[in-house]
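Ligands are counted one by one from 1 in listed order, and the atoms in each one are counted from 1 as well.
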Amino acid sequence: MSVLVRSGVGPLCVAARTVIPFIWRGKYFSSGNEPAENNPVTPMLRHLMYKIKSTGPITVAEYMKEVLTNPAKGYYVYHDMLGEKGDFITSPEISQIFGELLGIWFISEWMATGKSIAFQLVELGPGRGTLMGDILRVCSQLGSVLKNCDISIHLVEVSQKLSEIQASTLTEEKVPLERNADSPVYMKGVTKSGIPISWYRDLQDVPKEYSFYLAHEFFDVLPVHKFQKTPQGWREVFIDVDPQIPDKLRFVLAPCVTPATAFIQHDETRDHVEVCPDAGVIIQELSQRIALTGGAALIADYGHDGTKTDTFRGFCGHKLHDVLIAPGTADLTADVDFSYLRRMAKGKVASLGPIKQQTFLKNMGIDVRLKVLLDKSDEPSVRQQLLHGYDMLMNPKKMGDRFNFFALLPHQRLHGGMHQKNTCQSKPSASPVAGFSELAWQ
Ligand SMILES: C[S@@+](CC[C@H](N)C(=O)[O-])C[C@H]1O[C@@H](n2cnc3c(N)ncnc32)[C@H](O)[C@@H]1O
């Protein structure tokens with residue numbers, strides 16, 4: 001295993017990345033029916049068994065929420081699950097080019113919408129802070145373009161462990177962090193490039209100012225309800241204690257209609273569906289904010305356009321993992337239904353995509369950026385890492401086809417007539433949105 005370190009600063013700064021034969025979470029796995037060779041009784045399993053025995057079977061959404069974000073035992077709360085020693089790998093951890101191109105996307109949208117004198121960059125579920133670090137490096141390199149703009153960073157993160165890692169990745173050590181566990185802004189500091197940075201547990205608490213929002217592999221960890229079509233109509237999937245095997249959970253079907261069944265579309269043609277109401281709430285909040293103040297949201301995740309059925313799966317130690325075994329020790333995820341996100345945004349803002357990651361990154365100029373980095377690097381290990389990262393991100397058999405980009409924009413952005421309150425450029429613009437159409441490189 002070779003781990004590459006930062007080899008400098010400036011345009012050729014090659015950020016530390018691992019050459020990874022590890023698993024990415026877009027992989028598909030039919031879950032819940034693997035043989036239980038090893039089913040350790042984790043504290044989370046004990047908690048869930050107690051809960052189910054006391055109050056009855058729980059929905060898959062409640063199971064996901066408990067397992068992932070329970071404040072005392074949740075998988076995300078105290079784990080660093082990303083990278084070589086973790087459970088899975090994500091695009092920003094694979095190649096610095098990914099974050100650099102997303103940074104360029106935000107700056108390009110900021111320019112296309114009139115170069116406001118201030119904006120907030122808000123990231124939902126920032127992991128280890130790697131993606132934001134790469135975006136901030138681009139902002140520093142384009143300092144002459146952004147020089148009169150007041151930027152602030154706002155991270156929405158429920159994980160205590162990951163927020164600490166984000167702080168050490170992004171902030172200036174010499175400036176002590178302000179902490180207040182009881183406040184909606186539970187941590188505050190200054191980034192290495194001197195930008196104010198704040199942490200929240202909930203998007204609702206982020207100031208409603210002109211903002212660019214980013215969510216990479218965030219929506220797929222939000223809890224889903226699962227439904228099965230039966231001769232009696234739609235029935236929700238629940239999780240119950242297995243009466244045959246001690247300390248084992250199993251899937252069961254609700255005997256009658258449950259309230260969440262209302263989320264299923266009347267014209268649904270699939271026989272199994274997953275619905276994520278929390279994703280709907282967040283998309284509505286983002287849409288209201290963007291409609292009110294301007295800005296944009298860029299959402300990248302694996303998913304489908306309302307076509308897939310059972311996508312609920314688990315990951316542990318870079319291997320697929322039965323979702324009901326040893327809860328709390330493995331990541332749980334379900335593909336994002338972009339058709340649902342689009343429905344939730346409809347009327348308030350315009351949406352673009354989903355488009356495949358390989359198309360988006362190609363349109364953003366990944367080939368040009370790769371060539372620049374390769375041309376300037378003599379170090380074989382750095383070149384190998386750059387090429388490996390490119391292949392992981394772009395290869396349709398790897399992450400290129402499974403991952404998608406989706407954007408929310410004010411209606412005026414697509415039809416012209418943008419008018420920002422705080423702009424220093426008055427001419428409205430309806431230029432093509434980068435990434436979603438080819439950029440003309442000059
Ligand atoms: C799969 S990781 C992705 C991390 C990062 N975006 C990346 O691509 O490397 C999911 C992230 O979302 C955070 N998260 C999970 N549930 C959350 C919630 N309900 N609210 C805020 N953050 C959450 C996790 O702690 C983690 O930072």
Side-chain angles (χ1 to χ4, degrees), residues 15-18 20 22-27 61-62 64-71 74-84 86-96 98-99 102 121-135 154-167 169-170 184 186-187 198-206 213-224 276-283 285-286 297-303 313-316 318 328 330-336 357 389 392-393 399 402-405:
R17 296 296 189 272
T18 315
I20 306 130
F22 296 139
I23 206 158
W24 63 96
R25 292 154 77 250
K27 285 208 166 194
E62 196 175 353
M64 264 182 104
K65 191 169 178 190
E66 280 293 309
V67 172
L68 296 182
T69 57
N70 175 297
Y75 169 79
Y76 273 108
V77 180
Y78 297 110
H79 258 78
D80 173 15
M81 66 295 298
L82 287 147
E84 186 187 352
D87 293 324
F88 57 86
I89 192 79
T90 59
S91 295
E93 303 291 334
I94 289 170
S95 172
Q96 68 184 84
F98 186 81
L102 267 55
L121 192 49
V122 184
E123 186 175 359
L124 308 178
R128 312 187 91 234
T130 310
L131 179 52
M132 186 56 80
D134 290 336
I135 291 174
H154 303 261
L155 304 182
V156 180
E157 177 57 82
V158 285
S159 167
Q160 192 178 318
K161 174 82 179 175
L162 290 178
S163 62
E164 292 300 331
I165 296 174
Q166 290 151 20
T169 306
L170 298 170
Y186 64 87
M187 205 156 70
S198 308
W199 278 261
Y200 313 76
R201 289 183 194 89
D202 198 318
L203 173 63
Q204 301 271 1
D205 296 318
V206 175
Y213 300 91
L214 171 62
H216 181 255
E217 291 212 30
F218 168 75
F219 280 91
D220 66 272
V221 299
L222 299 178
V224 293
C276 182
D278 287 11
V281 170
I282 292 172
I283 289 292
E285 170 76 19
L286 291 174
L298 187 63
I299 293 162
D301 226 309
Y302 43 82
R313 59 200 184 279
F315 292 96
C316 183
H318 296 272
D331 182 37
L332 301 179
T333 172
D335 278 20
V336 174
Q357 173 158 301
M392 288 283 283
L393 298 182
M399 299 166 103
R402 288 281 287 125
F403 285 74
N404 295 277
F405 278 77

Practice prompt. Could you tell me whether E93 and ligand 1 have an N or O pair separated by under 3.5 Å?
Written response: no

Discussion item. Tell me if a side-chain donor or acceptor on S159 pairs with a main-chain N or O of Y76 at a distance below 3.5 Å.
Written reply: yes

Worksheet, complete the sentence: Within 4.0 Å of some non-hydrogen atom of V221, the atoms of ligand 1 are 15 (C), 16 (N)

Worksheet, complete the sentence: Here the atoms of ligand 1 under 4.0 Å from any heavy atom belonging to H216 are 3 (C), 5 (C), 6 (N), 7 (C), 8 (O)

Discussion item. Regarding E217 and T90, do their side chains bring together a donor and an acceptor under 3.5 Å, going by distance alone?
Written reply: no

Fill in: Any N or O of L82 closer than 3.5 Å to N or O of ligand 1
no

Discussion item. Any atom of ligand 1 sitting under 4.0 Å from a heavy atom of T69?
Written reply: yes

Item to complete: May I ask you to list the atoms of ligand 1 that are less than 4.0 angstrom from any heavy atom of F88?
Response: 1 (C)

Worksheet item: Aromatic rings F403 and Y302: how do their planes relate, parallel, tilted or perpendicular, breaks at 30° and 60°?
Response: perpendicular

Worksheet item: ligand 1 and T90, any nitrogen or oxygen pair closer than 3.5 angstrom?
Response: yes

Practice prompt. Could you tell me whether the side chains of N70 and Y75 share a donor-acceptor contact shorter than 3.5 Å?
Written response: no

Fill in: Short side-chain to backbone donor-acceptor contact, T169 and R128, under 3.5 Å
yes

Worksheet entry | Heavy-atom donor-acceptor pair, D301 side chain to F219 backbone, under 3.5 Å | yes

Worksheet item: ligand 1 and E157, any nitrogen or oxygen pair closer than 3.5 angstrom?
Response: yes

Worksheet entry | Option with minimal heavy-atom separation from atom 14 (N) of ligand 1, where the choices are D301, V158, V156 | V158

Worksheet item: Can you list the atoms of ligand 1 that are under 4.0 Å from a heavy atom of G127?
Response: 4 (C), 5 (C), 27 (O)

Fill in: Enumerated ligand 1 atoms positioned under 4.0 Å from heavy atoms of F218
12 (O), 17 (C), 18 (C), 20 (N), 21 (C), 22 (N), 23 (C)

Worksheet item: With a cut-off of 4.0 Å, which atoms of ligand 1 are near a heavy atom of S159?
Response: 25 (O)

Fill in: Selection from G125, A300, P126 by shortest heavy-atom distance to atom 6 (N) of ligand 1
G125

Worksheet, complete the sentence: So the atoms of ligand 1 within less than 4.0 Å of a heavy atom of L162 turn out to be 25 (O), 26 (C), 27 (O)

Worksheet entry | Centroid separation H154 to Y200 less than 6.0 Å | yes

Fill in: Side chain, backbone, both or neither: the part of L131 lying under 4.0 Å from ligand 1 by heavy atom
neither

Fill in: Check: R402 main-chain N/O paired with N404 side-chain donor or acceptor under 3.5 Å
yes

Response to the item:
By ring pair (Phe, Tyr, Trp, His ring centres under 6.0 Å), F218 pairs with (sequence neighbours left out) none

Fill in: Q357: partners by side-chain hydrogen bond (donor to acceptor under 3.5 Å, both in side chains), with sequence neighbours left out
none

